Amino acid sequence: MQADSRIQTSSVEATRQLGRAIGKAVTPGTVISLTGDLGSGKTAFVQGIARGMGVPSADYVTSPTYTLVNQHAGRHHVLYHIDFYRLEEMEEANALGMDDLLHKEGVVAVEWGDRFGRGLWHENLEIHFVMTGDLTREIRFTSFDEQGKGLIAAVK
């Protein structure tokens, strides 16, 4: 089952606000794949997810490009922010303990989640970022189940 939606944003803050709406609606076990070019808004969106989940503003959310996985404690559950940009092979992703993270009571947001193909981690939602101008973005949401559809509804 797929449901699609597209939203235009005109600033980094607007992209974060969409992420915040998703963050307020996530539940433990949610997996979100974020795709798009460098600088298209993936990390800004995850910053919004973190704030929506209640991660304190003192816990600054940055891309885990070099650490690969960052963990942020929210009000009710943990956000695991993963970045596959530097990985070359699927085995490297598996070495991160993806299966362990997916079976914890947290939320997983994977930047470059399409690096090794779609559906590998049974994501509920894929969010694709397209740069349409210096600050403008088209953000495309694709859900793969009822949970993903509910998350899309949270941003409308």
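These numbers were taken from a predicted model, which means no experiment stands behind them.
Shown here for Ala154 and Ala21, the closest heavy-atom pair between the two residues is O-CB, 3.7 Å. Nearest heavy-atom pair, Gly106 versus His77, reported as atom, atom and distance to 0.1 Å: CA-CB, 4.4 Å. Listed here is the closest heavy atom pair of Ala73 and Pro56: O-CD, 3.7 Å.
A donor-acceptor pair under 3.5 Å is absent between the side-chain atoms of Lys42 and the main chain of His128, judged by distance alone.
Looking at Tyr80 and Val107, their side chains never come closer than 4.5 Å, going by heavy atoms from C-beta outward. Under the 4.5 Å side-chain criterion, counting only non-hydrogen atoms from C-beta, Leu38 is in contact with Trp112. Between His81 and Val69 the shortest side-chain heavy-atom distance does not fall below 4.5 Å.
Considering only residues two or more places apart in sequence or on other chains, Gln147 meets the side chain to side chain contact (heavy atoms under 4.5 Å, CB included) condition with Thr27, Thr30, Asn124, Asp145. Partners of Arg51 according to the side chain to side chain contact (heavy atoms under 4.5 Å, CB included) rule, which considers only residues two or more places apart in sequence or in another chain, are Arg20, Val55, Ser57, Val61. In this structure, the side chain to side chain donor-acceptor pair (under 3.5 Å) partners of Thr43, at least two apart in sequence or on a different chain, are Glu111. With sequence neighbours excluded, the residues forming a salt bridge (charged side-chain N to carboxylate O under 4.0 Å, His left out) with Glu138 are Arg6, Arg140, listed by chain and number. Among residues two or more places apart in sequence or in another chain, the side chain to side chain donor-acceptor pair (under 3.5 Å) test is passed with Ser11 by none. Taking Arg137 as the reference, nothing meets the salt bridge (charged side-chain N to carboxylate O under 4.0 Å, His left out) condition, with sequence neighbours excluded.
Residues Leu18 and Val130 do not share a hydrophobic cluster, clusters being chains of Ile/Leu/Val/Met/Phe/Trp/Tyr side chains in contact below 4.5 Å. No chain of hydrophobic side-chain contacts below 4.5 Å, direct or via other Ile, Leu, Val, Met, Phe, Trp or Tyr residues, connects Ile139 to Met131. Residues Leu34 and Val12 are members of separate hydrophobic clusters, defined by side-chain heavy-atom contacts under 4.5 angstrom among Ile, Leu, Val, Met, Phe, Trp and Tyr.
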- Just do the side-chain contact (heavy atoms from CB on, under 4.5 Å) check on Val110 and Ile32 with the steps written out, would you? CA-CA 6 Å; Val110 184; Ile32 300 170; over 6 Å; no
- Are Ile82 and Val108 close enough, and set up right, to give a side-chain contact (heavy atoms from CB on, under 4.5 Å), and what steps lead you there? CA-CA 7 Å; Ile82 301 169; Val108 177; 3.7 Å; yes
- Evaluate side-chain contact (heavy atoms from CB on, under 4.5 Å) for Phe129 paired with Thr15, printing each intermediate quantity in order. CA-CA 10 Å; Phe129 298 80; Thr15 299; 4.2 Å; yes
- Message: Using side-chain contact (heavy atoms from CB on, under 4.5 Å), reason through Thr35 and Glu126 one step at a time and then give a plain yes or no.
- Response: CA-CA 7 Å; Thr35 65; Glu126 179 181 88; 4.1 Å; yes
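Summarising the geometry, atom OG belonging to Ser5 is positioned 10.5 Å from atom CD1 belonging to Ile127; distances are rounded to the nearest 0.5 Å. Distance check, rounded to the nearest 0.5 Å: NZ of Lys24 to CE of Met53 gives 13.5 Å. With rounding to the nearest 0.5 angstrom, the CZ atom of Phe141 is 16.0 Å from the NZ atom of Lys149. For the atom pair CD of Glu123 and OG1 of Thr142, the computed distance is 10.0 Å after rounding to the nearest 0.5 Å. Within the model, atoms OG of Ser33 and CG of Leu125 stand 8.5 Å from one another, a figure rounded to the nearest 0.5 Å.
One side chain, His72 or Asp59, offers a donor N or O that lies under 3.5 Å from an acceptor on the other. Side chains of Thr136 and Ser10: a donor-acceptor N/O pair is absent below 3.5 angstrom, by distance only.
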